[in-house]
> 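Once you've had a glance at the structure underneath, I'll fire off some questions.
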Amino acid sequence: MTTDNLNTLLVAMPEGDRQYFFETLLGTAVTARSQTLEEMVENMDSRSLTSVLQAIAGSLSLRLNESVLEQEAS
């Protein structure tokens, strides 16, 4: 079976059957769309939000330090 054949079969399936196929394949429910970044942040618990903010702060700190070092080298 080729990818084209599989795609043809999947397109021909009723929507509900196709969704069931992918849910079974993925082991999770397939959502209509991915969450936006804002939605993900709104749904985070305090611990997850703290981790994300620490990662962002660390990344910004590294970039700022690199920028300062580049300016000093010039």
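Just so we're clear, the structure is a prediction, and the values are computed from it rather than from any experiment.
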> Which value, rounded to the nearest 0.5 Å, describes the distance between Glu42 atom CD and Met44 atom CE?
11.0 Å
> Going by side chain to side chain donor-acceptor pair (under 3.5 Å), name the residues that satisfy it together with Gln54, two or more places apart in sequence or in a different chain.
none
> If we ignore angles and hydrogens, is there a donor and acceptor under 3.5 Å between the side chains of Glu23 and Gln19?
yes
> Is there any salt bridge (charged side-chain N to carboxylate O under 4.0 Å, His left out) pair reaching into residues 51-71, and which pairs are they, with sequence neighbours excluded?
none
> Sub-3.5 Å donor-acceptor pair from the side chain of Glu39 to the main-chain atoms of Thr36, do we have one?
yes
> Please enumerate all residues that pass salt bridge (Lys or Arg N to Asp or Glu O under 4.0 Å) together with Glu72, with sequence neighbours excluded.
none
> Only distances under 3.5 Å count here; give the side-chain donor-acceptor pairs of residues 6-13 to other protein atoms, sequence neighbours excluded, each with its distance to 0.1 Å.
residue, atom, partner, partner atom, Å
Thr8, OG1, Asp4, O, 2.9

> Quick one, Val41 and Leu49 - any side-chain contact, counting heavy atoms below 4.5 Å?
yes
> Do Ile56 and Leu37 land in one hydrophobic cluster if side-chain heavy atoms of ILVMFWY residues count as linked below 4.5 Å?
yes
> Please name all residues satisfying side chain to side chain donor-acceptor pair (under 3.5 Å) with Asp45, sequence neighbours left out, ordered by chain then number.
Ser48
> Contact between Asp17 and Pro14 at the side-chain level, heavy atoms closer than 4.5 Å - yes or no?
yes
> Just by modelled atom types, is the Ala57 backbone N or O under 3.5 Å from a matching donor or acceptor in the Ser61 side chain?
no
> Apart from Tyr20 itself, which Ile, Leu, Val, Met, Phe, Trp or Tyr residues share its cluster (side-chain heavy atoms under 4.5 Å, direct or through members)?
none
